[in-house]
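Take a look at the structure set out below.
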There are 2 protein chains.
Amino acid sequence: MPSNRAGGSDSVGRMTYRDIKADILERILNGTWPPGSAVPNEQDLALEYGAARATVNRAMRELVDEGYVERKRKAGTRVRMAPVRQVRFEIPLIRKEIEERGASYRYALIRSEAMSAPDWLRARLNLKPGTEVLHLVCMHFGDGRPYQLEDRWINLAATPQGRDFDFSTVGPNDWLVQQVPYSDVEISFSATSADPEQAMLLNCHAGDALFRVERQTTWQGQVVTYVSLIYRPDHRMTTRY
Amino acid sequence: MPSNRAGGSDSVGRMTYRDIKADILERILNGTWPPGSAVPNEQDLALEYGAARATVNRAMRELVDEGYVERKRKAGTRVRMAPVRQVRFEIPLIRKEIEERGASYRYALIRSEAMSAPDWLRARLNLKPGTEVLHLVCMHFGDGRPYQLEDRWINLAATPQGRDFDFSTVGPNDWLVQQVPYSDVEISFSATSADPEQAMLLNCHAGDALFRVERQTTWQGQVVTYVSLIYRPDHRMTTRY
DNA sequence: GGATGTCATTTGTATAGACTTTAACCTTGA
DNA sequence: TCAAGGTTAAAGTCTATACAAATGACATCC
């Protein structure tokens, strides 16, 4: 075997796109190619790494994806001045979220009521006057302690099957995922003060600062559901990038 | 002009990987291939679309990336039962964040003090006893109103240049991005109650629920900085997916 | 000077073919 | 019945080549 490439070669000495990507990233991170500087073109890199241009291209495309470099035809590739700080995290089903923390999961339906959509909801979800909605309040427990309070509104015009479904054992999220698996979602994170009922359910004090996730799900132009997920005090949503 | 791209093919009738991806996604969304079902293998799809297998492969890889399908060698490709709900959003520099809301940006340094790291910070950042840190408190204003309170600790052992830098006009984040452009970041979102000083600075009431982002930045195994970013009341961080 | 056009460079994408890796499935044997 | 091992289908990757598309640089023309 002729070539001997330290740090990333198979038995034939061939570098994979991963090796190439890692090598380029290394040079960016260690300052060989500082922010703003130009990276050699694909042809030259292919030559240097003894790979096909397509292989270098794939490595580069991933580096673009991850925000390290910018590319322009004819102008070439440069290391980004300020990296694009992008967070990417998964929104697991609440059951999985709790179980992944090593706690046992329990679900409870607190309240379930079909009604005509109140004005604030109609305005928020852009519903026609008189639209029927299902209002559900549920609790999710981890190791028996309150973990998340779910306050959900389901548009019965969009999913009429929901009217007769029994949510006392299956959580509305699990059910909805079956009904409308792929949909557009708008999600937002904020802080809110516990009102007396929330404090009671979450076993904290009224006025406590709580972390809240709100999600609005749309399918084929129609809002399917709006949910407010309020976490127990001190909850943190953490990720690395 | 020969090519007519409407609908997904060029003049030769050749489909790009984007076309193929869109077509497959369409079939997933409209229920042709429901959750859990198997998608034809690459070879067959290549045949169907009149494309090379590599082209189909690229389309598929992106669908995996976006959480629509799962692939396993030998077993083939299936539509995911529950889509991987993943949020991906960018963390802009605060100046840009404010300006993108159409507001004017203003920065003010409230306090700056070099000191030996307090115990809680030492524990949190895993610093040696006696490590010197710079503690900065800054405000970011949008249209003259408080927008974000930045409470930052900089490890002077990692970035000694910070000791003599004047942060009264340049925000610490802008400065740090220059110093350590690429680093590992742990970010977390939570809610916190305004203490009296925070309330005063953010022009709200003590006890108000505030949205907080905490960020810890590591470079080459050493914690460079820890920052707590507290937003004015009612702040929401929103994204779509 | 400024608008316009041409050329060359670089990335973007497609292709056919080959080889590699994984793991589902089947066969064999205890 | 079950475990070990072989077979083989499918995705994963690489290569060499080709052409497309964008655009920076330069020349040309008015």
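Each chain gets a letter, A, B and so on, in the order its sequence line appears, and its residues count up from 1.
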Nearest-neighbour nucleotide for the [X] side chain, [options] considered:
X	options	value
B/Thr16	D/dC14, C/dA14, D/dA11	C/dA14
A/Lys74	D/dT23, C/dA24, D/dT13	D/dT23
B/Ala54	C/dT15, C/dA23, D/dT13	C/dT15

Can you check the [X] [atom1] to [N] [atom2] distance for me, whole Å?
X	N	atom1	atom2	value
A/Ile20	D/dT15	CD1	C1'	12 Å
A/Tyr49	D/dA16	OH	C1'	20 Å
B/Leu63	D/dA11	CG	C1'	15 Å
B/Asn41	D/dG12	CG	C1'	14 Å
A/Met15	D/dC14	CE	P	11 Å
A/Glu42	C/dT11	CD	P	5 Å
B/Arg58	C/dT11	CZ	C1'	11 Å
A/Gln43	C/dA8	CD	C1'	15 Å

Can a side chain N or O of [X] be found less than 4.0 Å away from OP1 or OP2 on [N]?
X	N	value
B/Thr77	D/dA10	no
A/Asn57	C/dT11	no
B/Thr55	C/dT15	yes
B/Lys72	C/dT22	no
A/Arg71	C/dT10	no

Kindly say whether, by distance alone, the side chain of A/Arg73 makes a donor-acceptor pair under 3.5 Å with the base of C/dT10?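 Side chain to base: no pair below 3.5 Å.
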Less than 4.0 angstrom from a charged side-chain N to a carboxylate O is my criterion; do B/Asp23 and B/Arg27 meet it?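 Yes.
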In terms of side-chain geometry, is the basic nitrogen of B/Arg124 or B/Glu214 positioned less than 4.0 Å from the acidic oxygen of its partner?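 So B/Arg124 pairs with B/Glu214 through a salt bridge.
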Report the residue (A/Gly76 or A/Arg61) whose heavy-atom-nearest nucleotide on DNA chain C is the more 5′ of the two.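 Looking at the nearest nucleotide for each, A/Gly76 comes out on the 5' side.
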Are A/Val69 and A/Ile28 side-chain neighbours, meaning at least one heavy-atom pair lies under 4.5 Å?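 Yes - at least one pair of side-chain heavy atoms lies under 4.5 Å apart.
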Short side-chain donor-acceptor distance under 3.5 Å, A/Thr225 and A/Arg152: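 Distance-only check passes for A/Arg152 and A/Thr225.
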Applying a 4.0 Å non-hydrogen cut-off, can you work out what A/Arg53 is touching in the nucleic acid: base, sugar-phosphate, or nothing?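 Here A/Arg53 touches the bases of the nucleic acid.
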Geometric class of the B/His140/B/Tyr107 ring pair [parallel <30°, tilted 30-60°, perpendicular >60°]: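 Plane angle between 30° and 60°, so tilted.
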